[in-house]
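Notes follow the structure.
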Amino acid sequence: MNKITTIQLYKNIKSLADQSRQELYAVVNITLTETYFHVGRSIIEYEQQGSNRALYAKETLLKLSIKLTAGLGKGFSVDYLKNMRRFYVAYKNSYLKHIGKNKKSETVSRKLKLSPFNLSWSHCLLLSTIENFIKRKFYEIEAATENWSLRELKRQYECALFERLALSRNKAKVKELSKQGYCIEKLSDAIKDPYILEFLDLQEKEFYSESDLETAIISKRNIFY
């Protein structure tokens, strides 16, 4: 049996402690996110019971915020409750696909694998603002796969990585540039809505120049005016 040095013993124990803390943090984060999801669901279900409740939703959230803040502390402002409601609406279908898969008691690793919410609440909050499901799923997968921080997720979203990849034939080049910090600076990169690009009859090509877009815009303007 090989002897273990004091330094190696320290490293082994530290590694175990670090792993345990990371898993604990992940579970706490998942639990927090799922809690906010269910808060959003409770609000939606309450509002859907009648038109009067939906009509006075703003007043309801204000009263609810006051009571929750008094009983639980910070984190339940009206804006936060609205965020939870929006989060539920955005992710209810994804959550329903996962529900029922885990009827047994959960270990830490099992909970991490089965939860649909493996990103932080801050990540999910930003993602829930993206209405297009495919687009939202793209950023969700990329953020998890590439281990993006919230700041990096914001940067990639604001730089329209999804749209640039969808339009470019050289997708590897676009992803390479995105990792190097390339961001939108030109008119050719500024149009983010795929429907606008379709309206302009722009075909998939390697890159778009500013003159390409200007020509397409002028052409369409001449047709309608």
Side-chain angles (χ1 to χ4, degrees), residues 20-158 162:
S20 177
R21 288 176 179 177
Q22 288 174 4
E23 290 183 346
L24 181 59
Y25 170 78
V27 171
V28 169
N29 177 71
I30 288 173
T31 302
L32 177 67
T33 304
E34 288 186 346
T35 298
Y36 288 161
F37 174 85
H38 290 298
V39 170
R41 182 180 67 177
S42 297
I43 293 171
I44 290 291
E45 289 178 349
Y46 174 84
E47 292 175 349
Q48 289 178 342
Q49 289 183 67
S51 58
N52 289 336
R53 294 187 177 186
L55 183 64
Y56 297 106
K58 186 175 181 180
E59 183 180 342
T60 299
L61 288 183
L62 178 58
K63 291 180 179 179
L64 186 61
S65 173
I66 293 172
K67 289 183 179 181
L68 288 172
T69 301
L72 299 172
K74 296 180 180 179
F76 293 95
S77 67
V78 172
D79 286 342
Y80 253 65
L81 291 175
K82 288 180 180 178
N83 288 338
M84 295 173 200
R85 182 172 60 185
R86 185 185 68 226
F87 175 56
Y88 168 73
V89 171
Y91 277 89
K92 61 181 179 181
N93 291 332
S94 296
Y95 185 83
L96 288 174
K97 287 181 180 180
H98 284 78
I99 208 166
K101 288 184 178 181
N102 181 36
K103 299 296 184 181
K104 302 175 182 178
S105 59
E106 296 179 350
T107 62
V108 170
S109 59
R110 186 173 175 79
K111 186 174 181 66
L112 289 174
K113 289 178 181 178
L114 292 177
S115 176
F117 308 129
N118 289 324
L119 293 169
S120 76
W121 164 243
S122 297
H123 284 73
C124 290
L125 196 55
L126 173 59
L127 290 166
S128 68
T129 65
I130 304 175
E131 294 183 3
N132 183 293
F133 173 77
I134 296 175
K135 183 176 178 179
R136 181 171 67 243
K137 198 65 181 177
F138 166 80
Y139 284 110
E140 181 183 332
I141 292 172
E142 286 294 311
T145 303
E146 300 295 332
N147 197 27
W148 285 348
S149 64
L150 177 61
R151 182 177 180 180
E152 181 65 11
L153 172 59
K154 286 181 178 178
R155 187 181 74 81
Q156 296 290 2
Y157 174 65
E158 290 171 357
F162 174 78

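All figures in this text were calculated on a predicted structure; none of them were measured in a lab.
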Under the side-chain hydrogen bond (donor to acceptor under 3.5 Å, both in side chains) criterion, do Q156 and E152 qualify, and how do the steps go?
CA-CA 6 Å; Q156 296 290 2; E152 181 65 11; 2.9 Å; yes
Begin with the C-alpha distance, continue with both residues' side-chain angles, and end with the deciding distance and a verdict on side chain to side chain contact (heavy atoms under 4.5 Å, CB included) for L125 and R86.
CA-CA 9 Å; L125 196 55; R86 185 185 68 226; 3.7 Å; yes
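Here the straight-line distance linking atom CG of L119 with atom CD1 of I30 works out to 9.5 Å at 0.5 Å rounding. Of the inter-residue distances, the one linking F138 atom CZ with N132 atom CG reads 12.0 Å to the nearest 0.5 angstrom. Here S122 contributes atom OG and N29 contributes atom CG; the two are 8.5 Å apart, rounded to the nearest 0.5 Å. Within the model, atoms OG of S128 and CZ of R136 stand 8.0 Å from one another, a figure rounded to the nearest 0.5 Å. Between the CG atom of N118 and the NE2 atom of H123 there is a distance of 12.0 Å, given to the nearest 0.5 Å. Within the model, atoms CZ of F133 and CD of E140 stand 8.0 Å from one another, a figure rounded to the nearest 0.5 Å.
Counting heavy atoms from C-beta on, the side chains of L68 and L81 come closer than 4.5 Å. M84 is listed as a side-chain neighbour of Y80, based on a closest heavy-atom distance under 4.5 Å. Between Y36 and L32, some side-chain heavy-atom pair lies under the 4.5 Å cut-off.
Annotation for S65 and F76: closest pair OG-O, 2.7 Å, computed over non-hydrogen atoms.
Within 6.0 Å of the CG atom in L72, the count of heavy atoms belonging to other residues, nucleotides or ligands exceeds 12.
Using bins of under 30°, 30° to 60° and over 60° for the plane-to-plane angle, the ring pair Y157/Y139 lands in the perpendicular bin. Ring orientation note: the planes of F37 and F87 are nearly perpendicular, at an angle over 60° on the 30°/60° scale.
In this structure K67 satisfies the side chain to side chain donor-acceptor pair (under 3.5 Å) test with no other residue, sequence neighbours excluded. In this structure R85 satisfies the salt bridge (charged side-chain N to carboxylate O under 4.0 Å, His left out) test together with E47, sequence neighbours excluded.
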